[in-house]
Amino acid sequence: MKTSLSKIIILLSLGTAIAVGCNDTTTVQQRPNILFIMTDDHTQQALHAYGHGLLDSVLFPNMDRLAKEGAIFTQSFVTNSICAPSRAVLLTGKYSHINGKIDNSVPFDWDQPTYPKLLQKAGYQTALIGKIHLGGKPQGYDYSMTLPGQGSYYNPEFIKNGTEQTKLEGHCEAIIPQLVVDWIENDWDRSKPFAVNFHTKAPHRNWMPEPKYLDYLEDHEFEFPENFFDDYQGRGTAAREQEMEIVNDMYWGWDMKFEKNPFTGEPSRLPAPFGRMSREQMEAWNSVYGPPNEKFLKEKPEGRELAKFMYHRYLRDYLKVVKSVDDGIGKVMKYLEENDLLENTVVIYTSDQGFYLGEHGWYDKRFMYEQSLSTPLLVRYPQEIKAGTVVREMVLNLDHAPTILDYAGVEIPSDMQGKSWRSVAAGKTIPWRDAVYYHYYEYPSVHMVKRHYGVRTDRYKLIHFYYDVDEWEMYDLQKDPDEMRNIYDDSAYSEVKEMLHIRLNELRNQYDDSDELTWQFLDDYLSKRQR
Ligand code: SGN
Ligand code: CA
């Protein structure tokens, strides 16, 4: 076949051009690069752009920039609010009961189809840098540099291409963005578009700040969330029996950064991993945490004052590590900008789930309540998305795989269960879902959040807790946004209840979830536990 070279415009400078169409008017279209940024446990309350009021003057300028120059999704949810399952949903575009990764402990089957594999097949060069938490050897990536399991904040180990382990000096939130920049600078094959998964560790527990941010916010006072001292009345057993209360369930060493339990003098059940730090890092640490810890040991506050101390230590550490994440995003964005790559890169920012910052007195996630069901979602792609776009459609992490394939011009497999949000981000009105389906499995396990599934519409939520209970909860999010009053048995809502049950069944059918499947997973789980 003869090709008229004169008709092909080669965008040498950008190097990511491919020819599409084969007729006389052959044009060249650049497929965008994809920078997918996923943090671990970053919640909407800790992002200024979401306007929750917690942060007032605490700013994360690079994340805020993404929202300002792109789109913010106000109703962005996950299908199973826990790390590894969320990442499996991200890669496969399928619910946990279909991709098999229902909780953090069952193995993930890397042999199944994933969006990075499809991108690779379509000519993208792919890289995965940071936390993935799926065990095994990553597939679908030309390069991977991942943290083993949860990884470490200080002087972390990494696994290169699923095999070689190396220890890098420094703080992981400085290292990971540097690895991203280095890969693009040195290893990116400029004849192909790239798709990079830039996955941070922060702000996952146990929130160990980077040296330069040790004293960031140390003088900052925060208000307790209104329901910090929740007594869990008016709801079922699940909210009462969890083990994720800041005051009762945090460790003095690991979370509060004390050498010993200040009240009993016993060593903490889980000490902070200070052993990983160099002498210099430890000295910097002690210079900031030493004095307030000394003061605490003298005063030994109780009751509300104790809660205030614990809440502040937690929240400040959490926000300090988010600050490093924000710097890392800034670093990568700056690199792209300075190298004329930013305008042709779709930048997506999200987290693997939301998190509690003291609402209901909690930290951690798992529940289908708002703070952990939601997760931030920002996207910048000026070629299609107007600055300052606010998307109100309900999107799921299930949708990211089809969306990325859509941006890349790759056919979306019909068995992916999500829906591309590319058009809604571009401001188009298209038929969209009116409800989302959720299913959480990891119980009994750390934090003891009972198994449950449910449906959320614009205004209402219906949840079924099962396994060792059989309890239903229902909330009117308009009247009760903090989810403090279960209205399942309120006769004023009987029609709404019926509608929600119908919608829940429809969604379970649509996504092929069922009690049979749930029992099958349970049987597998119980047989493994017995072994
Ligand atoms: C660890 C944490 C838990 C956390 C899970 C899951 N404990 O077990 O607090 O819920 O990870 O987190 S820790 O003492 O090891 O910090 S997830 O993000 O990986 O799902
Ligand atoms: Ca997580």
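Remember, it's 1-based here, ligands and their atoms both numbered in the order they're listed. Please read these numbers as outputs of a predicted model, since none were measured by experiment.
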What angle, to the nearest 10°, do the atoms OD1 (Asp41) and OD1 (Asp40) form about the Ca ion (ligand 2)?
-> 90°

Hey, do the aromatic rings of His360 and Tyr232 have their centres closer than 6.0 Å?
-> no

Ranked by distance from atom 6 (C) of ligand 1, the top protein heavy atom is Asn104 ND2, 3.4 Å

Give the residue, atom name and distance (to 0.1 Å) of the protein heavy atom nearest atom 9 (O) of ligand 1.
-> His447 NE2, 2.7 Å

Nearest-contact summary for atom 17 (S) of ligand 1 - protein heavy atom, Å | Cys83 CB, 3.1 Å

Got the closest protein heavy atom to atom 18 (O) of ligand 1, with its distance?
-> Lys365 NZ, 2.9 Å

Shortest protein contact, atom 14 (O) of ligand 1 (heavy atom only) = Trp254 NE1, 3.1 Å

Could you check atom 8 (O) of ligand 1 against the protein and tell me its nearest heavy-atom contact, residue, atom and distance included?
-> Val446 CG1, 4.2 Å

Look at ligand 1 and say whether Met244 reaches it with a heavy atom at a distance under 4.0 Å.
-> no

Verify the distance test for Gln353 against the Ca ion (ligand 2): any N/O/S atom under 3.0 Å, yes or no.
-> yes

Phe224/Phe229 aromatic ring centres below 6.0 Å = yes

Within the structure, does Tyr251 bring an N/O atom to less than 3.5 angstrom of an N/O atom in ligand 1?
-> no

Angle class for the Trp110/Tyr141 ring planes (parallel below 30°, perpendicular above 60°, tilted otherwise)?
-> perpendicular

protein heavy-atom neighbour closest to atom 2 (C) of ligand 1 works out as Arg205 NH1, 4.0 Å

Apply side chain to side chain donor-acceptor pair (under 3.5 Å) to Tyr453 and His97, showing your working.
-> CA-CA 12 Å; Tyr453 59 84; His97 58 274; over 6 Å; no

Is the ring centre of Tyr407 less than 6.0 Å from the ring centre of His400?
-> no

Cation-pi check, Lys201 to Tyr153: give yes when NZ or CZ is under 6.0 Å from the six-membered ring centre and within 45° of the ring axis, no otherwise.
-> yes

Considering only the protein, which heavy-atom contact is closest to atom 4 (C) of ligand 1, and what is its distance?
-> Asp364 OD1, 3.5 Å

Option among Lys94, Lys419, Arg433 that satisfies the salt bridge (Lys or Arg N to Asp or Glu O under 4.0 Å) test with Asp399 = Arg433

A student comparing Gln150, Arg269, Glu442 should find that the heavy atom closest to atom 11 (O) of ligand 1 comes from Gln150

If you measure only the distance, is there a donor-acceptor pair under 3.5 Å linking the side chains of Asn161 and Thr163?
-> no

